[in-house]
Amino acid sequence: MSSSDSLKAEIGRAAVTLGAAADFTAVVERPRDPTFGEWSTNAAMMLAKPLKQSPRDVATKLIAAMQLEAVGISAAEVAGPGFINFRVDTDALTRVLPEIIRRGEQYGRSDIGAQQPVVVEFVSANPTGPLHVGHGRQAALGDAISTLLMWTGWKVSREFYYNDGGGQINNLQKSVQLRALQQVGQDVAFPENGYHGDYIGEIAADYRAQHPADATLSETDDIRRFAVAALRAEQDLDLKAFGVVFDTYYLESSLYTDGNVEKTVSVLLASGFTYEKDGALWLRTTDFGDDQDRVMKRSAEKGGEYTYFVPDVAYHVTKWERGFMRAINVQGSDHHSTVTRVRAGLQALQMGIPHGYPDYVLHQLVTVMRGGEEMKISKRAGSYVTVRDLVEEVGRDAVRYFFVMRKGDSQLVFDIDLARAQSEENPVYYIQMAHARLCGIFRVGGIDMTTIDGALTDLSVLVEPEERELIKALADFPSMLAGAATALEPHRVANWLERTAGLVHTWYHKHHVLNEPEPILQARLVLANATRLVLANALSVLGLSAPERM
RNA sequence: GCGCCAGUAGCUCAGUUGGAUAGAGCGGCAGCCUUCUAAGCUGCGGGUCGGGGGUUCGAUUCCCUCCUGGCGCGCCA
């Protein structure tokens, strides 16, 4: 139980003695201005109306009714329109430091998820080209969300869905085939909507070298398999460069071979929500909130195949049947039209899947700037920046940080020149530097940090304002993390890191540790060690390294 | 035309789920290295929170409406 929880409970108890409803719960938060104290509540303003008294009167009575010492409060005062500000005594404040060190890499973890299984699907790029910067944002975001959920007690499975079927794959196969034919001197036209990237020609050359038996370059199945395998291998390298590891790769093609598509179709047919029109099979998704009905199976003139929609629904059925009570899809906002469609398809099955299944985290697309010009991200035009290019140019940590430092809802301009120019004053270096500096204290002092646990140290000497602010930030880490996980918003971790790193630099600059009198030295070593640990934990949540020296 | 997202300092963006005098970084200006890393620190200036209504003790936050930008609206994926 954190100190704010016990304070909240005490406010609630006191409120009931004044006549508040038994289920009254106060809001306790950090006041904006640190001179107001450590905690603040608006309870008196919330109670003013039901109790028919002025907020300030309620506040005064509330304070009188509370047992402040019992919850570590040294002073309480009424402020403004009726806020109550609380001051925490130093002993209660510093109590968190030994706890942080004791829990170490576990500090910040909680069991909100109760070990329930959740699948987080992200990247899910078609194997038709290398991963571009948009995928990079998704990889950083999806990976951080997954880690956040793990930290808050969910059993997380990271999943990559490969669209290795459908028209784009046929397009890929044709593109490779035509490039191969051109390479052996045949005068064949290359379609405008084919894949124009240089990598297509490379794959074509590799195919010819490894399949000498296919002299006429007509084995389309072989070409398709070869091209898909080659691009999957490329994407794996991209992901490896980025440090993202998936638990499962789910192949769209397996939904056909395993019979899941047919099974889903038969259930939908039996549901009564399908109909035929213009020779095609439709699903009445408008019955479930979609803005138009969707084609399941194309008419004979259009090839008679299932649309992407059907295996997509079948895929999400497997998520449910594999035991994932919760599913989160991280996608670019250009796919947002699939949200209601997939949910509608799952509802039409009437198999007890919840209405909001799956959850979606949609992120706005990334605009890439280079040399002051916007680069068009188009796989078919073959002009775009890959994840690997980016990692090689600015480093993995910096790329990851830049992609998660902003809320997914806001558009992200990734100016490559700026990212490189900023590398010396990059926020990620600023944060990592704070960690390295703290490690430096132990290194220079010749002190083994593993011996600093604070269990028997007198921490009451940590009275400087900069120290109290820093300790509060460390104490807030678990609730910040829980909030970020609940909202699926990793950028909150980044914001916390920047703020806390700033507090570290301020403290470091103003107060020394080594060569201070023994009691202060010991107490500050405890603070330094605890801070170092929490910074490292926060960095690891975002998939960033915590260097001990830079 | 309809749907989703966004609009906050010169620029890039936060804003703890409705709280107090709206913040940070960068840029600008002025300072700080015999002291644990100057990859850093301190101070100053900078605002019609897109506009207008509404809800209430209280709105950047919730509702309505308009303006601007991005994305989507296929028998593509």
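Computed from a predicted structure; not experimentally measured. Per chain, numbering begins at 1; letters A, B, ... match sequence-line order.
Side-chain atoms of A/Q432 and A/D397 include a donor-acceptor pair closer than 3.5 Å. Judged by distance alone, the side chains of A/H511 and A/E466 do bring a donor and an acceptor atom under 3.5 Å apart. Using modelled atom types and a 3.5 Å distance limit, the side chains of A/D293 and A/Y275 yield a donor-acceptor pair. At a cut-off of 3.5 Å, with distance as the only test, no side-chain donor of A/Y308 or A/Q168 sits close to an acceptor on the other residue. Using modelled atom types, one finds no donor on one side chain facing an acceptor on the other under 3.5 Å when comparing A/R492 with A/N495. A donor atom on one side chain and an acceptor atom on the other are found under 3.5 Å apart for A/H316 and A/N329.
As rounded to the nearest Å, B/G47 and B/C11 have P atoms that lie 13 Å from one another. Going from the P atom of B/G23 to that of B/C66 covers 33 Å, rounded to whole Å. When the C1' atom is compared between B/C2 and B/G18, the two are found 31 Å apart, to the nearest whole Å. Distance check on atom C1': B/C64 versus B/G27 gives 39 Å, rounded to whole Å. Separating the P atom of B/G28 from that of B/U37 is a span of 28 Å, rounded to the nearest Å. Using atom P as the reference point in both B/A22 and B/C36, the two lie 40 Å apart (nearest Å). Spacing between B/G50 and B/A6 at atom P, rounded to whole Å, works out to 12 Å. The gap from the C1' atom of B/U61 to that of B/U17 amounts to 8 Å, rounded to the nearest Å.
Proximity of A/K49 to the phosphate of B/C57: a side-chain N or O atom is located under 4.0 Å from OP1 or OP2. The phosphate of B/A14 has OP1 or OP2 within less than 4.0 Å of a side-chain N or O from A/S410. Contact check, A/H335 against B/C4: no side-chain N or O comes under 4.0 Å of OP1 or OP2. In terms of phosphate contacts, A/R30 brings no side-chain nitrogen or oxygen within less than 4.0 Å of OP1 or OP2 of B/G15. The side chain of A/R298 contributes an N or O atom lying less than 4.0 Å from OP1 or OP2 of B/C76. When the side-chain nitrogen and oxygen atoms of A/R406 are compared with OP1 and OP2 of B/C13, none of them lie within a distance under 4.0 Å. Between A/T367 and B/G70 there is no side-chain N or O to OP1 or OP2 distance below 4.0 Å. OP1 or OP2 of B/G15 sits under 4.0 Å from a side-chain N or O of A/K407. Residue A/Y430 places at least one side-chain N or O closer than 4.0 Å to OP1 or OP2 of B/C41. OP1 or OP2 of B/A38 has at least one side-chain nitrogen or oxygen of A/R437 nearer than 4.0 Å.
Remark: B/U56 base-pairs with no nucleotide; criterion is Watson-Crick or G-U wobble with both hydrogen-bond distances under 3.5 Å. Using Watson-Crick or G-U wobble geometry with both donor-acceptor distances under 3.5 Å, B/C73 finds its partner in B/G1. Pairing for B/G27 is absent, judged as Watson-Crick or G-U wobble with the two contacts each under 3.5 Å.
The side-chain ring of A/F83 is stacked on the base of B/A20, judged by centre separation under 5.5 angstrom and plane angle under 30 degrees. Ring-base stacking between A/H509 and B/A38 is not satisfied when judged by a centre separation under 5.5 Å and a plane angle under 30°. Between the side-chain ring of A/H512 and the base of B/C36, a stacking contact exists by the 5.5 Å and 30° definition.
Between the side chain of A/D291 and the base of B/G3 there is no donor-acceptor pair of N/O atoms closer than 3.5 Å. For B/A77, its base never sits under 3.5 Å from the side chain of A/N171 at any donor and acceptor pair. For B/A20, its base sits under 3.5 Å from the side chain of A/S40 at one donor and acceptor pair at least.
Within a 6.0 Å radius of CD in A/E469, other residues, nucleotides and ligands contribute more than 12 heavy atoms.
Each of A/K297 and A/I84 was matched to the nucleotide of RNA chain B holding its nearest heavy atom; the match closer to the 5' end belongs to A/I84.
Regarding the sugar-base torsion, B/U8 falls in the anti class, its angle being beyond 90° of 0. Applying the 90° cutoff around 0 to the glycosidic angle, B/C44 is assigned anti.
Base contact: A/N85 has a heavy atom under 4.0 Å from a base atom.
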